[in-house]
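Structure record follows, encoded as structure tokens.
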Amino acid sequence: MPTPTYTPLATTTLGSNAASITLSSISQSYRDLILVINGSVNTGAANIVVKFNGDSGSNYNRVTMSGTGSSFATASGANISELQVTEYGYLDTTYSTVNVTQIMDYSATDKHKAVLARANNAANGVTAVAGRWASTSAITSIVLTFQSSSLATGSTVSLYGIAS
Amino acid sequence: MLIPFGVFSAAGSSVANSYELISTTILPNSSSTSVTFDVSSLASTYKHLQVRVTMRDTSTSAGSSGLWFWANSDVGYNYSWHRLKAGNGTVVSENQTTITRILAGVGGRNGDSSNIFGTTVFDILDFASTTKYKTTRGLSGNVSSTTSTLAEVELTSGSWQSLSAITAVNFVSDNYLVTGTRFSLYGIKG
């Protein structure tokens, strides 16, 4: 019997600038999570940075692929303390960035957590990200930060659960 | 800011029935290189299909293995694909035409550190159409433990040059798939 899913778990539209956003007590009833952010920052430019379960250890790895409008770009990081899910699709103060981050098998305890993200900003570029959190712990919380900026008033953050 | 859960109403109760889980296969052992879904009964209900994969195979080399797709067990030269891939400090574009399968994405390998799986989100558009060739797209990555050289992320697109409705979705890896590899099939209404 098919199971309706893409279940909304949490959402917010910011009423004020937020330097960080915490999604906690995440249900373990799903297979994957999809995090959708549509927003800008209050000052300057910034990337979206993710940490799981409050882990600030050197347990994150990533590779990115971007188009800047005039060239390709790629970057990578190994054994770093956070997972950046944007690059040239970064946040600015004028144009909204849309970021969709897929967190696969987030409740599994036999796999590192694999992450796929797409970030798009019409002024800055487009980016695809593959990431890995080197932990077999189930993800129960996600903290989002925005480097030296804050996510601006009116930005939206939503989290969905995907059953399997 | 702490976002409370369930703000859409009771969590789980407000799901529109437009995206549905149809089936999940989690491999119990390492004795298969392929996974097949029978989708012959889905045409009247769904417009598009999505397959979500976490995959690792038995290759003893570190790096990524290919995940390949074909439709209706057709292994003729009826496919084409492109990919844009980044890794090891470069971005490359590749394609194949008149080929026997579509590159859907990449998976991990046993030659890498334990517990590392590659992952793919793969869409099959208008899968039951009898007036269009079938189009696919994928977002995939495998972040190896040797990230600086072997990790990769890629966007893929593919075409099956057939006007037949897809009735079977076939995936195959370069090697045997390991225990815990997961394929989940979803239907999207239209």
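Chain naming here is simple, since letters A, B, ... match the order of the sequence lines and numbering starts at 1 in each. Predicted model, so just to flag it, every value in this text is computed and none were measured.
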Considering only heavy atoms, which portion of [X] lies under 4.5 Å from any heavy atom of chain B: side chain, backbone, both, or neither?
{"X": "A73(A)", "value": "backbone"}
{"X": "I142(A)", "value": "neither"}
{"X": "T136(A)", "value": "side chain"}
{"X": "V129(A)", "value": "backbone"}

Residue among S140(B), G187(B), G108(B) with most heavy-atom pairs under 4.5 Å to chain A
S140(B)
Of the backbone (N, CA, C, O) and the side chain (C-beta and beyond), which part of [X] lies under 4.5 Å from a heavy atom of chain A, both, or neither?
{"X": "V53(B)", "result": "backbone"}
{"X": "F183(B)", "result": "neither"}
{"X": "T119(B)", "result": "both"}
{"X": "I26(B)", "result": "side chain"}
{"X": "S23(B)", "result": "neither"}
{"X": "S144(B)", "result": "backbone"}
{"X": "T45(B)", "result": "neither"}

Less than 3.5 Å apart, any donor N or O on the side chain of D105(A) or T54(B) sitting next to an acceptor on the other?
yes
Give a yes-or-no answer on whether the side chains of N170(B) and T36(B) include a donor-acceptor pair shorter than 3.5 Å.
yes
Taking 4.0 angstrom as the limit, do D123(B) and R52(B) come out as a salt bridge?
no
Assess the residue pair R118(A) and N99(A) against the criterion (side chain to side chain donor-acceptor pair (under 3.5 Å)); give the C-alpha distance rounded to whole Å, side-chain angles, the decisive distance to 0.1 Å, and a yes or no.
CA-CA 6 Å; R118(A) 282 285 314 275; N99(A) 178 276; over 6 Å; no
Does the S32(B) side chain pair with the main chain of S34(B), one donor and one acceptor, at a distance under 3.5 Å?
yes
Any idea which of [options] has the most non-hydrogen atom pairs under 4.5 angstrom with chain B?
{"options": "D32(A), L14(A), V115(A), N79(A)", "result": "D32(A)"}
{"options": "S141(A), G161(A), G77(A)", "result": "G77(A)"}
{"options": "M1(A), R31(A), R62(A)", "result": "R31(A)"}

Check the orientation of F122(B) and F69(B). Use parallel for under 30°, tilted for 30 to 60°, and perpendicular for over 60°.
tilted
Do the ring planes of Y79(B) and W160(B) sit parallel (below 30°), tilted (30 to 60°) or perpendicular (above 60°)?
parallel
I need the single residue from T94(A), T127(A), T97(A) that forms a side-chain hydrogen bond (donor to acceptor under 3.5 Å, both in side chains) with N121(A). Which is it?
T97(A)
Are I116(B) and V143(B) packed together at the side-chain level, in the sense that at least one heavy-atom pair is separated by less than 4.5 angstrom?
no
Heavy-atom count check: over 12 atoms from other residues, nucleotides or ligands less than 6.0 Å from Y46(B) OH?
yes
